[in-house]
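Just so it is clear: chains get the letters A, B, ... in the order the sequence lines come, proteins before strands, and each one is counted from 1.
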Amino acid sequence: MIHNQVFLRQTMRDSSQWEPTSYRTHTIGQIVSEGASLVGEEVSVAGYAETIRGRGAICFIMLRDGTGHIQAFLKKDNMNPEIFDLIQSSTRESTVQVTGLVAQKRPPKVAEGEPMPSPEYEINVTSGEILAEAATPLPVGIIDDVKIGLDIRLDNRHLDLRRSHVNAMFQLRSKVLQYGREHLIKEGFMEMNSPKIIASASEGGTNLFPMMYFDTPAFLSQSPQLYKQLAVLGGLERVFEIGPAFRAEKHDTYRHLNEFISFDIEGAWMNDEDVMGVQERMIHHIWSSVYENDQSLIDVINEYKVSQGENTITVEVPELPFPRIPYSEAIEIVKSGGGEIEWGDDIESHHCDLIAAKYPGFHFLPRWPMSMKPFYIYHNKNEKSDSGGQLSRGFDLNYGRDEMTSGGQREHRVDVLEQNLRDMDLNPEDFTFYTDGFRYGAPPHAGWGLGVARLLMVLTGAGNVREVVLFPRDRTRVTP
RNA sequence: GCCCCGAUGGUGUAGUGGCCUAUCAUGCAGCCCUGUCGAGGCUGCGACCCGGGUUCAAAUCCCGGUCGGGGCGCCA
């Protein structure tokens, strides 16, 4: 059994470079990590009172800010007794500012033969102030040893977020985006933003949320697809966007939301293989950076998992290149695993289980039938399956059974684009908003869209996408 | 859109027709304690989702509603 004290010792994030603010001279993390050089110095810190243990004329407060935990020790003899009483009778999670001297903490009693813990520091308080009193009881316990249902947690996400493992997940999310950006910028991609209010579908397939744009009917964008392509057509060469996408599908699963953040790239003079390379290098960079820099966040998540009797997670940097399992081969794997499927069928979740048994990690599924891909996906006329079906340059990236990415080389020849539409019984006249961008010369290009939360589910071992999205929007949830 | 499941104090739970003025944990409130550290001790507080029905008797069975969960389809 691992107790709270284990992770109370560590800092939650590196705040060594943070400047003092009007409310504190130091972060708690700074005192925890630099305590030896601060002993005897007067500091002010501010934080949430995680626990307040009164013992009559002395009082212990476990203070937490966004950078760590520290114990504040209050003695009635050492301060204004009225302030002492006020703080001692305050409620858990109230915000408190205290001023006092840094001191080495008296070591806890340890059992015979147990190693002495490394030195810790505390603040001997001389004055303090309640900044904001917390109401009781808390709707969700921050450190209580009681499981809380996801729905209650999401209703009270601002409190749920105070729990260390939840906090760690969202810090990891920020890291994932940071490392992803780092890598793409290194490969020459530039960040762009596309409009989220659009006049018509930018990529067929899913339902859009309708809205009114003043007096004009409009929709929320389901993908930056078209706009990334227009940017590449315009000569920006390599672009990426991290932004929201909206899909009005009434799905209700552990991996779907109606608003999600999509990590998208598009590059000129590239085909599907080229952008798969970008993707696997980016994921490799993210994983190896987390492995090198952020093990403490993984540890915090694992402390919680252990306390709940769940399996812990390890950051296993995937080997390059990721396996490529062409669609036709995937069909054979499913068939030999006993799945009922024919060439031309979609590979469904239960089929993916069969493939994942052989390829449990990241793997690409390239060369899907053209008939299953949108009209804007590129195909070579001479690339056909054994059964004669036209293959495309569209691909997916899966991790285990879950789809992370959909991407491909795009069709850049406007006449082929229009023929693709006719082949799918669509009228090119209805798609001029898309095809018109291709009439004045277009580079061959390719790209993909990656679900950020799905990637984070893999990294953190979260079983539900709602865990790793701050304020998820699903079929029934629009608040908070 | 389809299929399955669930709802008990603030939170997480026990409970399968009478043993329930409902279990346990956590929490909350109060008291004791001048070095606790998963603090401890004592005393309290607090719940059967809503509406209808069956029955001598319903947290428990039936119907409807509301809310939630899981799976499928579709997708990222």
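Looking at A:Arg454, its side chain comes within 3.5 Å of the base of B:rC75 through a donor and an acceptor atom.
Taking A:His379 as the reference, nothing meets the side chain to side chain donor-acceptor pair (under 3.5 Å) condition, with sequence neighbours excluded. Every residue two or more places apart in sequence or in another chain was checked for a side chain to side chain donor-acceptor pair (under 3.5 Å) with A:Tyr48, and none qualifies. Applying the side chain to side chain donor-acceptor pair (under 3.5 Å) test to A:Glu316 and every residue at least two apart in sequence or in another chain returns A:Thr314. Partners of A:Asp155 by side chain to side chain donor-acceptor pair (under 3.5 Å), not counting sequence neighbours, listed by chain and number: A:Arg477. Residues satisfying the ring pair (Phe, Tyr, Trp, His ring centres under 6.0 Å) test with A:Tyr121, not counting sequence neighbours, are none. A:His284 is linked by a ring pair (Phe, Tyr, Trp, His ring centres under 6.0 Å) to nothing, counting only residues two or more places apart in sequence or in another chain. Applying the side-chain contact (heavy atoms from CB on, under 4.5 Å) criterion to A:Asp160, with sequence neighbours excluded, gives A:Arg153, A:Arg157, A:Arg163, A:Val166.
Here, B:rC50 and B:rC31 have their P atoms 35 Å apart, quoted to the whole Å. B:rC33 and B:rC42 have their C1' atoms separated by 12 Å, given to the nearest Å. Across B:rU11 and B:rC45, the matching C1' atoms stand 15 Å from one another, rounded to whole Å. With both ends at atom C1', the span from B:rU60 to B:rG70 equals 24 Å, rounded to whole Å. Taking atom C1' in both B:rC72 and B:rU16, one finds a spacing of 31 Å when rounded to whole Å. To the nearest whole angstrom, the two C1' atoms, one in B:rC49 and one in B:rU8, are 10 Å apart. For B:rU23 and B:rG12, the C1' atoms lie 13 Å apart once the distance is rounded to whole Å. B:rC28 and B:rG15 have their C1' atoms separated by 25 Å, given to the nearest Å.
Computed from coordinates, the A:Lys147 NZ to B:rU11 C1' distance equals 13 Å when rounded to whole Å. A:Arg153 places its CZ atom 13 Å from the C1' atom of B:rG12, with the value rounded to the nearest Å. Atom CZ of A:Arg53 is separated from atom C1' of B:rG41 by 15 Å (rounded to the nearest Å). Rounded to whole Å, the distance from CG on A:Leu159 to P on B:rG27 is 16 Å. Atom P of nucleotide B:rG35 and atom NZ of A:Lys76 are separated by 15 Å, given to the nearest angstrom. The nearest whole Å value for the distance from the CD1 atom in A:Ile242 to the P atom in B:rA76 is 18 Å. Between the CD1 atom of A:Ile377 and the P atom of B:rC75 there is a distance of 13 Å, rounded to whole Å. Computed from coordinates, the A:Asp145 CG to B:rG27 P distance equals 9 Å when rounded to whole Å.
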Can you list, pair by pair, the side-chain donor-acceptor contacts under 3.5 Å of residues 445-453 of chain A, counting residues two or more places apart and other chains?
| residue | atom | partner | partner atom | Å |
| --- | --- | --- | --- | --- |
| A:His445 | ND1 | A:Pro443 | O | 2.9 |
| A:His445 | NE2 | A:Gln229 | NE2 | 2.8 |
| A:Trp448 | NE1 | A:Val275 | O | 2.9 |

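Looking at A:Lys335 and A:Glu342, a side-chain N of the basic residue comes within less than 4.0 Å of a carboxylate O on the acidic one, giving a salt bridge. With respect to the salt-bridge test (charged N to carboxylate O, under 4.0 angstrom), the residues A:Glu93 and A:Arg64 qualify. Using a 4.0 Å cut-off between charged nitrogen and carboxylate oxygen, A:Glu191 and A:Arg181 count as a salt-bridge pair. A salt bridge does not link A:Arg454 to A:Asp402: none of the charged nitrogens lies less than 4.0 Å from a carboxylate oxygen. Between A:Glu273 and A:Arg324, at least one side-chain nitrogen of the basic residue sits less than 4.0 Å from a carboxylate oxygen of the acidic one, meeting the salt-bridge criterion.
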For every nucleotide of nucleotides 64-73 of chain B, 5' to 3': is a protein heavy atom under 4.0 Å from its base (B), only from its sugar-phosphate (S), or from neither (-)? ----S-SBSB

With the sugar-phosphate defined as primed atoms, P, OP1 and OP2, and the base as all remaining atoms, what B/S/- string results for nucleotides 5-10 of chain B, 5' to 3', for protein heavy atoms under 4.0 Å? -----S

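Between A:Phe209 and A:Phe219, the distance separating the two ring centers is not shorter than 6.0 angstrom. A:Trp343 and A:Tyr327 have their aromatic ring centers within a separation under 6.0 angstrom.
Comparing A:Gly56 and A:Leu450 by the nucleotide of RNA chain B whose heavy atom lies nearest to each, the residue mapping closer to the 5' end is A:Gly56.
Among the protein residues, A:Lys105 comes within range of the nucleic acid bases, having at least one heavy atom under 4.0 Å from a base atom. Using a 4.0 Å heavy-atom distance criterion, A:Gly149 is classed as a sugar-phosphate-only contact. Residue-level contact check: A:Lys75 touches the bases, meaning some heavy atom is under 4.0 Å from a base atom. Across all strands, A:Pro107 comes closer than 4.0 Å to base atoms (heavy-atom distances). Residue contacts for A:Glu259: at a heavy-atom cut-off of 4.0 Å it reaches no nucleic acid atom on any strand shown. Note on A:Ile148: only backbone sugar-phosphate atoms sit closer than 4.0 angstrom, heavy atoms only; bases stay farther off.
A parallel orientation is assigned to the rings of A:Tyr304 and A:His165, their planes being inclined by less than 30° (bins at 30° and 60°).
For the pair A:Thr405 and B:rA76, the criterion of a side-chain N or O lying under 4.0 Å from OP1 or OP2 is not met.
Looking at residues 83-101 of chain A, you'll see A:Thr91, A:Arg92 sit with a heavy atom under 4.0 Å from some atom of RNA chain B.
Taking every side-chain heavy atom of A:Thr136 into account, B:rC28 is the closest of B:rC37, B:rC28, B:rA76.
For the strand RNA chain B, secondary-structure stems (runs of at least three Watson-Crick or G-U pairs, all distances below 3.5 Å) span B:1-7 with B:66-72, B:10-12 with B:24-26, B:27-32 with B:40-45, B:49-53 with B:61-65.
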